[in-house]
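This chain uses plain numbering: 1 for the first residue, then up along the sequence. In each ligand, atom 1 is the first atom listed, and ligand 1 is the first ligand listed. Fair warning: this is a prediction, and the values are worked out from it, not measured in the lab.
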Amino acid sequence: MVKATSPMEHRLSRRQFCLAMVTTAGLSAAACRAGDNPAPSPSPGEASSGATLAFPEGFHWGVATSAYQIEGAVTADGRGRSIWDTFCDRVGTIADGSSGEVACDHYNRWESDLDLMRTLEIGSYRFSIGWPRVLPEGLGRVNRRGLDFYDRLVDGLLARGISPLATLYHWDLPQALQDRGGWENRDSAEWFADYAEVIFSALGDRVDRWLTINEAKVIAQQGYQYGRMAPGMTDAKAAGTVIHHLNLAHGRAISRFRASASRGQIGPCLQLAPCYAADQSEGAAAAVRTADITENTLYLDPLLRRRYPDLSKIDRALAAGLESAVQEGDLTVIGAPVDFVGVNYYSPMVVDGQGQPVQSYPVTAAGWQQIYPQGLYDALTRIRREYNSPEVVITENGVPDDPTDSGQPTADSARVNFLRQHLEAVHRAIAEGTAISGYHAWSLLDNFEWFAGYSQRWGLVQVDFETLQRTPKASASWYSTVARSNKLPSE
Ligand code: GCO
């Protein structure tokens with residue numbers, strides 16, 4: 001098992017990471033010297049299959065979840081409503097008409113879920129704190145019973161030697177704040193900072209690592225531009241405004257964290273989608289540059305370079321909404337130094353000459369996800385090359401069950417392949433000098449997959465949603481072996 005370590009212990013330098021590499025794949029410490037250019041990217045599929053790949057000592061092997069997707073118990077102990085409760089109540093929003101009302105009932109089963117993690121030798125658990133549990137009205141009155149749940153959870157993790165990685169916001173805005181304009185209201189940045197401060201004072205003495213906001217991009221795109229997620233709006237200008245307010249909220253939470261007595265580290269959680277051209281045309285190359293802005297640099301640049309990218313080529317309404325929201329001094333707040341960058345990676349973005357998304361690689365049951373492990377390598381090494389090499393934690397990576405994995409639902413060989421290929425990409429990025437300190441598989445449990453309801457199952461552990469019984473899949477046992485040995489076994 002990878003033992004929970006203190007923040008200082010896992011703050012290895014890039015050089016230490018490289019020197020710690022032991023591999024039978026022929027990668028040497030010499031390739032890891034700071035400032036070395038990365039080796040040319042191998043073509044997709046050219047991963048080093050068949051070798052045993054060791055990871056640096058102290059590497060965090062984790063799993064990830066989020067509050068609304070697993071907790072259920074939406075009215076227990078004084079929890080307030082969130083925008084997802086409201087969204088699910090709207091007819092036609094969720095594929096199977098379900099909601100997170102019961103989900104995995106983790107709120108009541110957290111102890112056995114933590115025991116399960118321990119059995120699986122998981123070293124780091126990424127979970128999120130439900131803002132409406134702690135502040136039912138979004139601000140003001142603290143609901144002690146809601147806070148106590150997370151207090152017990154953190155203690156339970158530490159007692160089992162699992163390092164807590166807490167996300168402050170994973171999409172469940174209190175409905176009371178949505179009623180005041182939600183993330184479109186500039187005050188939202190301050191509401192978030194106030195909420196974060198409550199959490200830091202309660203848990204800051206024990207949580208190792210914090211994430212501010214999960215995937216601002218998905219909130220803006222799916223929640224405000226395309227309407228597929230809460231709050232279900234289709235207004236590009238509002239989406240632009242929301243991007244800036246989410247970035248500002250992140251920055252303000254960082255300064256509250258620095259002013260608090262918290263002992264851990266903090267960083268953002270960005271969903272990155274490296275962009276590629278579907279063909280050799282100049283049109284496709286230009287479309288890639290534009291897609292890269294909306295997929296990646298609208299978030300990376302303000303947070304890590306204190307500036308927005310050139311907005312002249314992106315959707316005009318989106319750019320206008322964003323530009324109108326920016327006030328003097330904001331970028332200094334937004335660009336406050338972070339301790340690490342959390343990266344969620346699922347899929348590349350491939351575009352044609354018209355800027356339309358193209359499916360060039362195998363598509364998973366999620367529909368939107370193409371399997372391209374090289375994309376993870378490209379995202380990780382880009383952060384090193386272009387953003388001054390911050391420490392990176394992979395905070396999500398995973399795949400839904402493959403319907404062609406027939407037979408028992410727990411025989412998920414496609415997931416094992418997916419994890420292996422992506423971990424090979426991570427290994428390669430580390431060997432070339434990228435400071436990556438952990439990996440979190442999405443997800444521990446099958447859970448409420450937003451607009452897909454329970455129709456997509458992303459867990460290493462199967463959940464029977466009738467009985468709520470948990471059954472580890474083949475991938476859980478494979479991942480457990482990886483976590484225990486700190487290496488990828490040969491195939
Ligand atoms: C996200 C969210 C998760 C999803 C997962 C699978 O990245 O979209 O963080 O909550 O469930 O990504 O789609």
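Using a 4.0 Å heavy-atom cutoff, E396 is listed among the residues neighbouring ligand 1. Residue W368 places a heavy atom under 4.0 Å from ligand 1.
At a heavy-atom cutoff of 4.0 Å, ligand 1 is contacted by the side chain of H170 but not by its backbone. Under 4.0 angstrom from ligand 1, there are no non-hydrogen atoms of F448. Under 4.0 angstrom from ligand 1, the non-hydrogen atoms of N214 all belong to its side chain.
E449 OE1, 2.6 Å is the protein heavy atom nearest to atom 11 (O) of ligand 1. Here the protein heavy atom with the shortest distance to atom 12 (O) of ligand 1 is Y346 OH, 2.9 Å. Nearest to atom 1 (C) of ligand 1 among the protein's heavy atoms is E215 OE1, 3.1 Å. In terms of protein heavy-atom proximity, atom 10 (O) of ligand 1 is closest to Q69 OE1, 2.6 Å.
For ligand 1, the polar-atom distance check against W450 finds a nitrogen or oxygen pair separated by under 3.5 Å.
Between Y308 and H244, the ring center distance clears the sub-6.0 Å criterion. In this structure, Y169 has its ring center at least 6.0 angstrom away from the ring center of W171. In this structure, the ring of W183 has its center no less than 6.0 angstrom from the ring center of Y224.
Cation-pi geometry between R305 and Y387 is met: the NZ or CZ atom falls under 6.0 Å from the ring centre, inside 45° of the normal. Under a cutoff of 6.0 Å and an axis angle of 45°, R133 and Y107 form a cation-pi pair.
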Go through the steps for S188 and N185 under the test side chain to side chain donor-acceptor pair (under 3.5 Å), then give the verdict.
CA-CA 6 Å; S188 57; N185 185 337; 6.0 Å; no
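For ligand 1, the atoms lying closer than 4.0 Å to a non-hydrogen atom of W442 are 3 (C), 4 (C), 5 (C), 6 (C), 10 (O), 11 (O).
No hydrogens or angles considered: a donor-acceptor pair under 3.5 Å links the side chains of D208 and S163.
Within the 4.5 Å cutoff, side-chain heavy atoms of V426 are placed close to those of L376.
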